[in-house]
Amino acid sequence: MKRLLLSVLLFLLLISCKSVKKHNQHITKLHAVKDLHEDVDKLYGQLKRHHPKLYQYTSKEVLDFKFDSLKKSINTPIDSRTFYKKLAPVVAEVKQGHVAVGSVSKWFTRKERKLLKKNKFEFYDLEVAYLDGKLWVKDYFGKDSTLVGNEIVSINDESASKLVEIYKTRFASDGYNKTLHNRFVSKGFSVFFYKDKGFQDSLKITFKSKDALFDRMFRRIPKGDKKNKVKDSTKGNDSTSIKEIKPVILTKEQKRVIKLAKRKRKKANRKYGYLGKKNKYTRNFNFIGKDTTVAYMKLRSFTNGPYKKFYTESFAKLDSAKTKFMILDLRDNGGGRIAEIDYLYSYLTNKDYQFITESEVKSRTPFLKSFMSNTTPHSLKVMGSIFYPAVAVHNLLKIKKRNGKLYYNFNKHTKTKSPHPLSYQGKLYVLINGNSFSASSLISTHLKANKRAIFVGEETGGAYNGTVAGIYKTYQLPTSKVKVRMGLMQIEAPQKQLPDGFGIKPDVEVLPNLMDTKLDIDTELEWILNDIHKHH
């Protein structure tokens, strides 16, 4: 039996190694022009078939021309990564932010992945901001804090600002606004660089501090040594320079206290949505100042763990303290769950509301279209086929045809609801910027339309009139192996604005400046606090 098991494992390992080698060879070879033209046609066909608002911001005539021009530009064989660089800007012309083009990446064997996990890439510890046409180090999670505030001039001798401008063409906001681009490329710069250049073992980055230039190599380095050892600072006849720390023997009571503390910390991490690498939380709540007059709620996304307990406890505190001013910070919040923003809005509104309308779709079975994609593993497709009849019936019951279009009804979010009994009735400020996208734009639409809050910052990257998201289909192009993700449902609030294609605009535009960023001053938040101090 053991021999059989070892033989099976060896067989699977060999298949895996061959698969990795085959994939890596395929994405780096030059593909025939005819095959890449077919990839373009198949992608455009998928968008036409599944995207309910394909021509909302760019007309059919213009998109037809863009995709046709793309095919004409591919007149010699190219590899998959080069194809991605040509394809992404054309797909961005759809101007629908949830349509995303992924690059192709090198695969690694199990042994290689195991070795990579032991290391970390110093480059990924950089947090950058693109301001005034230059790339700056906003934060660094490595050891050299002196890098913060310096300009990144070049990466491997390529201009950093030119790289940013190129990357900005490879994704879109919802509609015509441009505020998302600088923010989004800053937030995901390392991801865009990886898509562009592929796997790197080291990078030479040139920084500028005042008028001086200096280089720094960023490498893959071993992660921190977790062994329970320290250097021995004493000198003697012992031949070793390493001294092991003797394990501490704990009493039963000490062990119990430690166990309870860990359990409490784990619960808190789930409630607030702990982000390990950055040592921050997704959901944050506190009072600013010496009393409970001003409350501050920072939400980095509407994802990451359960949320109801956090909002229940936070708004109970607001109610108990009779807090006069609340600041809701949605900056750099890329969105998340409809259920969460619907629940949050019930604590912020003072009138009955319908959160979203019925969602336009292109199929009577959108969930099946989402699941049964060519990127879904065959094993899951087999499992999905078992539940096919039940899902199909569910979809068909939820979808109605009206004026020649199909609409999916999210009953829970389309019905009229009342405010939560503990809904906040004080003065509300909302901080927004270009990275306020998707779900954070949707809740902002409600707050703006009902004049419930004063908005401070810059126009959101997500559109006022909704977005195509909800559920997604990821399609892999057959030749290049490039993957494209697209939303399948138009998600929108009942309220609309004209002209279409723009985000929620601030009542007071306040933009971060370079000097404040370097000094770690929150320009927008300071404006609100000063406004509260002046007028109240």
Side-chain angles (χ1 to χ4, degrees), residues 42-58 60 63 67 87-88 91-102 171-175 302-303 334-342 355-377 380-381 384-385 387-388 390-414 437-442 461-463 465-477 482-493 500-501:
K42 287 183 177 181
L43 169 58
Y44 198 22
Q46 286 285 316
L47 287 169
K48 291 175 182 176
R49 194 174 303 124
H50 300 295
H51 200 287
K53 293 283 187 178
L54 184 59
Y55 305 116
Q56 182 177 8
Y57 304 121
T58 306
K60 183 180 184 303
L63 275 185
F67 277 93
L87 178 67
V91 174
E93 290 296 326
V94 176
K95 293 181 171 58
Q96 295 277 0
H98 288 89
V99 179
V101 182
F171 64 93
S173 61
D174 279 341
F302 296 109
T303 59
R337 299 168 288 205
I338 298 175
E340 182 169 348
I341 55 174
D342 190 348
F355 198 69
I356 60 171
T357 60
E358 293 176 327
S359 300
E360 184 181 344
V361 293
K362 293 280 282 187
S363 166
R364 287 191 176 276
T365 55
F367 285 89
L368 291 173
K369 296 294 182 185
S370 171
F371 185 77
M372 303 299 275
S373 176
N374 68 351
T375 55
T376 305
L380 291 180
K381 284 183 178 180
S385 65
F387 298 98
Y388 181 93
V391 177
V393 170
H394 170 270
N395 280 196
L396 291 170
L397 290 173
K398 287 276 191 176
I399 290 175
K400 304 295 181 185
K401 192 170 187 178
R402 210 168 52 244
N403 300 324
K405 294 181 179 180
L406 299 173
Y407 293 90
Y408 182 90
N409 188 358
F410 286 94
N411 290 337
K412 184 178 179 181
H413 306 299
T414 54
F437 189 71
S438 193
S440 61
S441 291
L442 185 59
N465 289 352
T467 187
V468 178
I471 56 174
Y472 302 91
K473 179 184 177 71
T474 301
Y475 178 76
Q476 185 176 60
L477 303 179
V482 168
K483 293 180 181 179
V484 182
R485 186 198 68 177
M486 61 197 78
L488 302 183
M489 294 178 165
Q490 171 70 2
I491 308 294
E492 57 187 40
D500 190 13

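Atom CD of Gln96 is separated from atom NE2 of His51 by 4.0 Å, given to the nearest 0.5 angstrom. Summarising the geometry, atom CE belonging to Met372 is positioned 11.5 Å from atom OG1 belonging to Thr375; distances are rounded to the nearest 0.5 Å. Taking CE from Met486 and NZ from Lys362, the interatomic distance works out to 12.0 Å, rounded to the nearest 0.5 Å. Rounding to the nearest 0.5 angstrom, the gap separating the CD1 atom in Ile338 from the CD atom in Glu340 is 12.0 Å. For the atom pair CD1 (Ile356) and CG (Asp342), the distance works out to 8.0 Å, reported to the nearest 0.5 Å. The NZ atom of Lys483 sits 11.0 Å away from atom CG of Leu477, with the distance rounded to the nearest 0.5 Å.
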task = Under the side-chain contact (heavy atoms from CB on, under 4.5 Å) rule, what do Ile341 and Phe355 come out as? Steps first, then yes or no, please.
result = CA-CA 9 Å; Ile341 55 174; Phe355 198 69; 3.5 Å; yes
Stepwise side-chain contact (heavy atoms from CB on, under 4.5 Å) test for Val484 and Gln46 = CA-CA 10 Å; Val484 182; Gln46 286 285 316; over 6 Å; no
task = Might you work through the side chain to side chain donor-acceptor pair (under 3.5 Å) test for Asp500 and Gln56, ending with a clear yes or no?
result = CA-CA 9 Å; Asp500 190 13; Gln56 182 177 8; 3.1 Å; yes
key: Check against ring pair (Phe, Tyr, Trp, His ring centres under 6.0 Å), Phe437 and His98   = CA-CA 10 Å; Phe437 189 71; His98 288 89; 5.0 Å; yes
request  = Apply the test side-chain contact (heavy atoms from CB on, under 4.5 Å) to residues Asn409 and Ile399: give CA-CA distance (whole Å), side-chain angles for both, the deciding distance (0.1 Å), then the verdict.
outcome  = CA-CA 6 Å; Asn409 188 358; Ile399 290 175; over 6 Å; no
message = side-chain contact (heavy atoms from CB on, under 4.5 Å) for Arg364 and Tyr408? Distances and angles first, verdict last.
response = CA-CA 8 Å; Arg364 287 191 176 276; Tyr408 182 90; over 6 Å; no
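In terms of heavy-atom proximity, Gly461 sits nearest to Ser173 at O-CB, 3.6 Å. Of all the heavy atoms in Pro52 and Val468, the pair that sits closest is CD-CG1, 3.8 Å. Between Ser359 and Ile491 the shortest heavy-atom distance is OG-CD1, 3.4 Å. Pairing each heavy atom of Ala172 with each of Ala92, the nearest pair is CB-O, 3.4 Å. When all heavy atoms are compared, the tightest approach of Lys369 to Lys473 is O-NZ, 3.4 Å. Shortest non-hydrogen contact noted between Gly501 and Tyr57 is CA-CE2, 3.4 Å.
Residues Ile471 and Met489 have side chains in contact (heavy-atom distance under 4.5 Å, counting atoms from C-beta outward). Within the 4.5 Å cutoff, the side chain of Tyr407 has no heavy atoms near those of the Lys401 side chain. Between Thr357 and Thr414 there is no side-chain heavy-atom pair separated by less than 4.5 Å. Within the 4.5 Å cutoff, the side chain of Ser363 has no heavy atoms near those of the Leu406 side chain. By the 4.5 Å heavy-atom criterion applied to side chains, Leu63 and Tyr55 are counted as neighbours. The closest side-chain heavy-atom distance from Leu43 to Val91 is below 4.5 Å.
Between the side chain of Arg337 and the main chain of Phe302, a donor-acceptor pair closer than 3.5 Å is present. Side-chain atoms of Ser373 come within 3.5 Å of backbone N or O of Thr474 as a donor-acceptor pair. Although no hydrogens or angles enter the test, the distance criterion places a donor-acceptor pair under 3.5 Å between the side chain of Thr376 and the main chain of Phe371. Thr467 contributes no side-chain N or O that, together with a main-chain N or O of Ser438, makes up a donor-acceptor pair within less than 3.5 Å. Using a distance-only test at 3.5 Å, with no hydrogens or angles considered, a donor-acceptor pair links the side chain of Asn395 to the main chain of Phe367. A donor-acceptor pair under 3.5 Å is formed between the side chain of Asn374 and the backbone N or O of Gln476.
Dense packing is recorded around NZ of Lys48, with more than 12 heavy atoms of other residues, nucleotides or ligands lying under 6.0 Å away.
Using the six-membered ring where Trp is involved, Phe410 and His413 have ring planes that are tilted, between 30° and 60° apart.
Each of Arg402, Lys400, Lys398 was checked for a salt bridge (Lys or Arg N to Asp or Glu O under 4.0 Å) with Glu358, and the lone residue meeting it is Arg402.
One finds a salt bridge joining Lys53 and Glu360 here, because a Lys/Arg side-chain nitrogen approaches an Asp/Glu carboxylate oxygen to under 4.0 Å.
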